[in-house]
Amino acid sequence: MPPCGEGYGRRLRMLSRVGPPPVLIPGFVNAHCHAFQRALRGRTEGGDFWAWRESMLELAAAQTPELVRTEYAAVYRELRSAGYTAVGEFHYLGLAEAHAAVEAAAEAEIELVLLHVAYARGGIERFRQESVAAYLHEVEELRAAGVRVGVAPHSVRACPRDWLEELGRHAAEHELPLHVHADEQPREIEECLAEHGLRPIELLDECGCLGPRTTVVHATHADGHELDLLAAAGSRICACPTTEANLGDGFLPVERVLHRGIALCIGSDSNVRIDPLEELRELDGIARRQSGRRDVFAVDDLLAIGAANGGSSLGLEGWPRIRVDDEHPQLRGVADVRAALVAGCSADVLSA
Ligand SMILES: [Zn+2]
């Protein structure tokens with residue numbers, strides 16, 4: 001006869017408390033994700049960023065709400081098992097697909113902020129709204145449906161000045177996060193200088209897009225003045241080191257960013273890798289290579305970049321914690337589990 005009853009349940013609960021308490025840490029926050037790009041990993045690498053972008057556009061064109069619903073759920077489950085418990089999906093595939101992404105996140109049990117993208121020109125037709133008013137109507141429809149949203153001008157390539165001004169105004173008025181790609185590639189900067197006589201982050205500043213709820217994604221080639229503008233506005237930078245390496249974007253000027261007190265967060269971006277510890281280690285590795293020192297980042301600062309800073313970037317107040325398996329071989333014999341996580345572990349040591 002199977003054991004049953006209140007006494008058995010109590011004994012079981014007591015048994016489950018035997019042994020050291022689990023090591024819990026805040027869940028990692030993936031502040032910049034394009035889930036559909038996961039399918040491009042290891043495929044058609046192309047000669048440079050712009051060649052990769054052609055493959056990406058082809059893949060984007062083929063997306064449907066049904067595909068997004070199933071494929072994003074699979075990617076979000078991967079994020080979840082790698083220790084990310086919240087994600088900012090930088091979404092430029094249309095409104096029906098936005099709702100499908102929200103459903104996928106619910107299925108995978110990951111907190112999602114939909115960074116709904118404004119796209120005026122370039123790219124492919126499905127990315128584009130006919131006007132900035134039409135875009136803002138989509139944002140408000142999503143909000144009305146209870147979706148957590150952010151305003152996301154895709155880039156200064158995709159949005160002209162009058163769109164940027166309106167988007168900056170709307171985000172400030174409604175206290176929404178504003179995320180935008182900037183300074184990922186030198187060509188983008190040259191084109192912005194030719195069109196506006198300004199570098200991308202200078203243009204964002206002029207258009208009212210910088211503020212404490214703003215996150216600039218990449219900022220790889222930001223110059224000193226652009227970094228000064230980010231610092232003055234209290235804006236953040238989202239670094240996506242594994243993607244930036246894969247696409248040949250370049251190195252974030254980490255020490256110059258830290259020197260100005262600009263907060264950093266991380267994103268898995270193209271999802272060529274899904275591992276928050278690897279993103280943080282890449283970031284730390286860049287800083288070490290650039291400075292010739294090993295102590296540019298404190299361990300707690302790196303872990304905050306992976307978690308709390310991402311939460312602030314997305315306007316989140318809470319997201320689930322995760323468990324560290326301190327009996328995993330990767331952590332065998334280490335004196336400081338938190339330090340060893342970033343220095344030498346993969347996400348295999350993390351679990352929900
Ligand atoms: Zn991106």
Side-chain angles (χ1 to χ4, degrees), residues 29-41 45-46 48-61 63 68 71-72 75-76 79 84 86-94 97-98 101 112-120 122-124 126-128 149-159 164 167 177-189 192 200-201 204 209 214-222 235-252 264-274 276 279 282-283 310 313-314:
V29 176
N30 181 0
H32 188 75
C33 174
H34 306 279
F36 77 94
Q37 293 178 12
R38 178 75 168 146
L40 287 172
R41 66 195 185 286
E45 294 288 55
D48 62 8
F49 171 88
W50 302 101
W52 170 87
R53 183 172 175 270
E54 291 306 312
S55 307
M56 184 274 286
L57 293 177
E58 198 178 308
L59 179 65
Q63 298 298 306
V68 166
E71 293 300 312
Y72 282 35
V75 174
Y76 293 157
L79 292 178
Y84 288 115
V87 59
E89 180 67 36
F90 199 92
H91 178 82
Y92 45 69
L93 300 176
E97 289 79 1
L112 178 124
V113 177
L114 191 94
L115 303 162
H116 194 56
V117 170
Y119 216 110
I124 55 176
R126 72 174 296 166
F127 296 174
R128 301 193 285 260
V149 296
V151 171
H154 178 275
S155 58
V156 301
R157 276 189 283 122
C159 291
L164 293 172
L167 298 170
L178 187 153
H179 283 223
V180 56
H181 294 121
D183 287 346
E184 182 176 9
Q185 283 280 326
R187 186 172 120 188
E188 168 204 339
I189 299 171
C192 190
I201 293 173
L204 292 170
C209 285
T214 298
T215 298
V216 168
V217 182
H218 304 302
T220 313
H221 300 282
S235 300
R236 288 173 206 77
I237 292 172
C238 182
C240 309
T242 61
T243 292
E244 289 154 5
N246 182 263
L247 297 180
D249 287 340
F251 294 94
L252 185 73
L264 286 164
C265 53
I266 55 165
S268 69
D269 195 357
S270 70
N271 296 298
V272 62
R273 288 283 293 125
I274 292 180
E279 300 296 345
E282 284 270 335
L283 193 61
S313 165
L314 295 176

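Ligands are counted one by one from 1 in listed order, and the atoms in each one are counted from 1 as well. Position 1 is the first residue of the sequence; numbering continues from there.
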* To do: Report the relative orientation of the aromatic rings in H34 and Y92; use parallel for angles under 30°, tilted for 30 to 60°, perpendicular for over 60°.
  => tilted

* Asked: Looking at residues at least two apart in the chain, or sitting in another chain, which of them share a salt bridge (Lys or Arg N to Asp or Glu O under 4.0 Å) with R53?
  -> none

* Asked: Which residues satisfy the salt bridge (Lys or Arg N to Asp or Glu O under 4.0 Å) test with R38, sequence neighbours excluded?
  -> E78

* E97 vs R126, salt bridge (charged side-chain N to carboxylate O under 4.0 Å, His left out): CA-CA, chis, key distance, verdict -> CA-CA 11 Å; E97 289 79 1; R126 72 174 296 166; 2.9 Å; yes

* Please list, in chain and residue-number order, the protein N/O/S atoms closer than 2.8 Å to the Zn ion (ligand 1). => H32 NE2, H34 NE2, H181 NE2

* Kindly assign one of parallel, tilted or perpendicular to the pair H181 and H32, based on the angle between their ring planes and the thresholds 30° and 60°. => perpendicular

* **salt bridge (Lys or Arg N to Asp or Glu O under 4.0 Å): pairs with one or both residues in residues 241-252, sequence neighbours excluded** => none

